[in-house]
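Each remark here refers to the structure printed beneath this line.
When reading the values below, keep in mind they use all heavy atoms of this one structure, side chains included, and skip hydrogens, waters and symmetry mates. The first residue in the sequence is number 1, and the count goes up from there.
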Amino acid sequence: MSTETGTPATTTTNTGTAAGAPANPAVADLIARSNRLGADKRNTNYAGGNTSAKGVGKDPVTGEDVELLWVKGSGGDLGTLQEAGLAVLRLDRFRALRGVYPGVEREDEMVAAFDYTLHGKGGAAPSIDTAMHALVDDAHVDHLHPDSGIAIATAMDGEALTRDIFAGKVVWVPWRRPGFQLGLDIADIKQANPDAVGTILGGHGITAWGSTSAEAEENSRWIIDTAERYLAEHGKADPFGPALPGYAALPEAERRAKAAALGPLIRGLASTDAAQVGAFTDDAVVLDFLAAAEHPRLAGLGTSCPDHFLRTKVKPLVLDLPAEASIEDSVARLRELHADYRRDYAAYYQRHADPSSPAMRGADPAIVLVPGVGMFSYGANKQTARVAGEFYLNAINVMRGAEAVSSYAPIEESEKFRIEYWALEEAKLARLPKPKSHATRIALVTGAASGIGKAIATRLAAEGACVVIADLNLEAAEQVAAELGGPDTAVGIRADVTDEDQVQATVNAAILAFGGLDLVVNNAGLSISKPLLETSGKDWDLQHNVMAKGSFLVSKATAKVLIEQDMGGDILYISSKNSVFAGPNNIAYSATKADQAHQVRLLAAELGEHGIRVNGINPDGVVRGSGIFAGGWGAKRAAVYGVEEQDLGKYYAQRTLLKREVLPENVANAAAVLTSAELSHTTGLHIPVDAGVAAAFLR
């Protein structure tokens, strides 16, 4: 395997194109390699690691060829990396930074200096790992976080294991925080070890290189595969110790029911300092870990790789009760453990903070482990919460590997603090966009596969909420969820709101999907347009079962979650102008809408002490996109008013004060406003969205 500097011979005029494949072959090879490596979780985790390529491009000022470095930018993900996610730097200028390097005590200053080495606009922001890519003299460098590599990197005798496993082709690098000095160290190690193809970075991960993109990828995979084989062949069978009596996984249905029962309380605890979205997994990796005797010790040691503990915090909260502990006992103990966790985290901060440290960001856990049940993980959105859980799965695999051949020895707590409260990490967090109005909020919308419900779900998702699309039509619900962005934004669930068991199953599914609930929209409905003498008892029961009883069942099941979370919340009823306006030939519909309208007032009075707001919207004449109107109600109302069905929306508009047709999106706008922070002190209110119907004015 070559150790040449390997500058590609191909010279191109541009470093890339506005769209399509990159113009520079080095960039095209880099993106393809990155995507292949990032697609396999054996190689690295989401947004973990970085890759680079050196090549030749044109200086836009002189037109001369210059050596460039393309490297994955800060915060990017290898599996989905595109050209826009690369930082582009001048190699000559970056290497010249050696001359102004002030030493390891001031190496953070070098990140600001990276900006002076950018080529043109520079592309994405360079990450702290850029130095190891620029200063290593091979043309292609990979820095990855494979579980097998980190297992060796966190083993107590990792240096000796590295010598035994790789026979000099991979060199041990003692733990050093990512930065310019680590880049210098790796460059020097490569020069001193011409036969080496990479390194094991103590407590952290691996780095590999090659003179071609294919060679760098081959070397990365060889290191990972070799470490995996060694762990499999030499590791003991029970690295987590013997089975712990009473801690085995519960049967699937039982553990998921318990997860749904505990989920709201745990989310509320994890949101003490700031509201969080949750994710849940009962992956066998987690269940097996929690069923073994050594899990309390290992969990207490915390994670090691910086990418791991930045996502998961230094350690998880672990419920220290057996799997079959009651919900009541589990809740009581979780409250105690949460209080202990917050005290411990505050003490950790105080032990290591100095006057220059950023303020403590929050003392709640990001990972909560429940024996026999699984893992709850939390973040500012579903993707962040899900990825935090994936990172802890990686951490369990790392612990298993290290314990199998040695003993797990993560980096020192003080080093974890230096990275968690690094000024560079604080600056990265400060660059995040301002949260949207409904960020961290979890909404359940009934009848959300069409019409007003779909419009509300769409608007809430656009405002940052996670949304459960509940509808009788599962296929349509799943389609809407996919349109809104898929499982990190929305999930589709079949729900018959007249069935109490189905309502509870829907609520449980929402908890397992996103951690809990904050916002409930009672929108499911139908309409039967008949005069009194033609309205049957069956018509009356159907109308009231879906809207009056259905809203009651949904509100009852979801209010329990909102109360357990202790985070406040919103319940919103989509009622109707007909709840206050007496019109002909719709006795069943209007009566049940009046029932819903009074439920708003009753629940506002009852739930206010829990910080739960209950409000309503009274739409009228929403024809376009409406499932109710398309299902026959439109034709019947058109007949009542003596107009063609296709002109019904125009007819309704002309009878309003504003002479405007009401669309589903108009109702969705009202829903977004009513459930926003701007109306945080409003409850028991009905907002008309009818373009002005004087006869329906609220009195």
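The closest donor-acceptor contact from the side chain of Lys190 to the backbone of Thr199 lies at 3.5 Å or more, if one exists at all. Tyr378 places no side-chain N or O within 3.5 Å of a backbone atom of Asn381 that could act as its donor or acceptor partner. Of the possible polar contacts, one joining the Lys436 side chain to the Ala462 backbone as a donor-acceptor pair under 3.5 Å is found. The main-chain N or O of Asp147 is never found under 3.5 Å from a side-chain atom of Asn394 such that the two would form a donor-acceptor pair. Side-chain N or O atoms of Thr162 include one that pairs as donor or acceptor with a backbone N or O of Gly158 at under 3.5 Å. Without hydrogens or angle criteria, Thr226 side chain to Trp222 main chain gives a donor-acceptor distance under 3.5 Å. Using modelled atom types, no side-chain atom of Arg400 and backbone atom of Pro239 make a donor-acceptor pair closer than 3.5 Å. A distance-only check finds no donor-acceptor pair linking the side chain of Thr384 to the backbone of Ala380 [under 3.5 Å]. With Asp77 contributing its side chain and Ala47 its backbone, the two residues share a donor-acceptor pair below 3.5 Å. Not a single donor-acceptor pair under 3.5 Å links the side chain of Asn43 to the backbone N or O of Arg221.
Inspection of the Asp29 and Ser213 side chains reveals no N or O donor paired with an N or O acceptor under 3.5 Å. Side chains of Asp137 and Gln191: a donor-acceptor N/O pair is present below 3.5 angstrom, by distance only. Residues Ser437 and Glu463 bring a donor and an acceptor atom of their side chains to less than 3.5 Å of each other.
The aromatic rings of Phe391 and His308 sit perpendicular, their planes meeting at an angle over 60°, well past the 30° parallel limit. Ring geometry, Tyr345 versus Tyr348: the interplanar angle falls from 30° to 60°, so the pair is classed tilted.
Arg90 forms no cation-pi arrangement with Tyr116, by the criterion of a distance under 6.0 Å to the ring centre and an angle within 45° of the ring axis.
We find the CZ-CG distance between Arg418 and Asp108 to be 8.0 Å, quoted to the nearest 0.5 Å. For the atom pair Thr51 OG1 and Asp129 CG, the distance stands at 11.0 Å (nearest 0.5 Å). Taking CG of Asp138 as the reference point, atom OG of Ser211 lies at 6.0 Å (rounded to 0.5 Å). Within the model, atoms OG1 of Thr117 and CG of Leu69 stand 8.5 Å from one another, a figure rounded to the nearest 0.5 Å.
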Practice item. Let me see the working for His133 and Ser52 under side-chain hydrogen bond (donor to acceptor under 3.5 Å, both in side chains), right down to the final yes or no. Key: CA-CA 6 Å; His133 295 271; Ser52 67; 2.7 Å; yes
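We find that Glu67 and Lys54 are not joined by a salt bridge, their nearest charged nitrogen and carboxylate oxygen being 4.0 Å or further apart. Using a 4.0 Å cut-off between charged side-chain N and carboxylate O, Arg42 and Asp225 make a salt bridge. Look at Lys416 and Glu412 and you find no salt bridge, because none of the NZ, NE, NH1 or NH2 atoms lies under 4.0 Å from a carboxylate O.
Tested against Val173, the residues Ile206, Leu201, Ile200, Thr207 include a single side-chain contact (heavy atoms from CB on, under 4.5 Å) partner, Leu201.
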